[in-house]
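The analysis underlying the following values was restricted to heavy atoms, covering all of them including side chains, and did not include hydrogens, waters or symmetry mates.
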Amino acid sequence: MPRPRDPNILRHPGLQPLWKGLQREWQQQQVVAVALLLIGIGLLAITAVKMSLWYGLAGSVAATLSLLWLLRLSQRKPVSELYHLLEEEPGRVRRVYAEVTERLPFGLKFSSMTLIYFVLDNGEIISVPLRSSKIKLVSKTLNRVLPEAEFGRPATL
């Protein structure tokens, strides 16, 4: 019989990199959407000066798409969504695994990034970017949070 889970486990310092990674990704998407909005407005301003239909069309498309993207981003909070999933429905998470991407130009280690994946019972996959140095700590803590989930990369066919 499994032990009851600690109610404060999701506030454990071992999960802080997970929450920070989600928050950082969400903020980066917001910055890109605002930059796209500013580019669209800039193209519309150029249209007023040069009277070019193409600049106006490109500017209005860029501005409209960026506004829709910003609206969609404002409606979801990925940290609270994953927190809710891990707190209320941990049985939905079937597998957790991580993939490390290293950039090695000319054989020199330039950077390393890790994505941790949560595979849900309906086939949906949630990915969270993490610093590679934090993956072991996060994985150990997630083992305590999700005792029913499988950990490790799925076997390839």
Side-chain angles (χ1 to χ4, degrees), residues 1-42 58 61-157:
M1 179 175 210
R3 300 187 320 224
R5 196 169 70 159
D6 179 12
N8 295 320
I9 190 70
L10 293 179
R11 292 187 186 90
H12 189 279
L15 291 180
Q16 291 308 311
L18 185 71
W19 310 133
K20 287 180 183 176
L22 273 172
Q23 187 68 25
R24 188 177 332 110
E25 182 182 35
W26 186 64
Q27 289 171 342
Q28 288 171 347
Q29 288 180 5
Q30 287 178 324
V31 167
V32 171
V34 168
L36 183 62
L37 177 64
L38 294 175
I39 289 170
I41 291 171
V61 167
T64 303
L65 290 177
S66 63
L67 283 173
L68 290 173
W69 190 11
L70 280 169
L71 179 65
R72 195 175 119 226
L73 285 173
S74 69
Q75 291 174 346
R76 51 180 303 262
K77 306 283 188 223
V79 172
S80 61
E81 290 171 1
L82 185 60
Y83 191 93
H84 173 77
L85 177 71
L86 296 179
E87 182 177 43
E88 300 295 327
E89 304 173 277
R92 288 194 56 210
V93 179
R94 297 289 186 227
R95 179 179 295 275
V96 178
Y97 67 96
E99 285 189 355
V100 179
T101 303
E102 293 182 332
R103 289 177 185 81
L104 302 162
F106 307 110
L108 301 171
K109 186 172 180 179
F110 182 70
S111 69
S112 178
M113 189 63 181
T114 301
L115 279 177
I116 189 162
Y117 294 95
F118 297 87
V119 181
L120 305 183
D121 56 358
N122 62 358
E124 183 182 350
I125 298 175
I126 299 170
S127 64
V128 181
L130 291 175
R131 297 195 194 296
S132 295
S133 61
K134 303 291 184 183
I135 190 63
K136 191 171 184 179
L137 173 66
V138 171
S139 292
K140 279 185 166 184
T141 311
L142 281 173
N143 268 307
R144 291 174 42 203
V145 173
L146 303 166
E148 302 89 27
E150 293 180 33
F151 282 79
R153 184 146 174 80
T156 57
L157 297 175

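For Ser132, the side chain to side chain contact (heavy atoms under 4.5 Å, CB included) partners two or more places apart in sequence, or in a different chain, are Val100, Ser112, Thr114. Checked against side chain to side chain contact (heavy atoms under 4.5 Å, CB included), Val93 has the following partners two or more places apart in sequence or in another chain: Leu85, Leu86, Val96, Phe118, Leu120, Leu146, Ala149.
Summarising the geometry, atom CG belonging to Leu18 is positioned 9.5 Å from atom OG1 belonging to Thr141; distances are rounded to the nearest 0.5 Å.
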Under 3.5 Å donor-acceptor pairs involving side-chain atoms of residues 65-73, not counting sequence neighbours:
unit_1: Ser66; atom_1: OG; unit_2: Leu37; atom_2: N; d: 3.4
unit_1: Ser66; atom_1: OG; unit_2: Ala62; atom_2: O; d: 3.0
unit_1: Ser66; atom_1: OG; unit_2: Ala63; atom_2: O; d: 2.9

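With Arg95 contributing its side chain and Gly152 its backbone, the two residues share a donor-acceptor pair below 3.5 Å.
Leu137 and Gly14 make their closest contact through CG-CA, 3.6 Å (heavy atoms, listed as atom of the first residue, atom of the second, distance). Shortest non-hydrogen contact noted between Met113 and Pro129 is CE-CB, 3.4 Å.
Every pair tested for ring-ring contact (aromatic ring centres under 6.0 Å, His included) that includes a residue from residues 124-152 fails, sequence neighbours excluded, so the list is empty. Pairs passing the side-chain hydrogen bond (donor to acceptor under 3.5 Å, both in side chains) check and including a residue from residues 15-27, sequence neighbours excluded, do not occur. Applying the side-chain hydrogen bond (donor to acceptor under 3.5 Å, both in side chains) test to pairs two or more places apart or on separate chains, those with a residue in residues 117-131 are Arg92-Asp121.
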*Test Ile116 against Ile126 for side chain to side chain contact (heavy atoms under 4.5 Å, CB included), laying out the working first.*
CA-CA 8 Å; Ile116 189 162; Ile126 299 170; over 6 Å; no

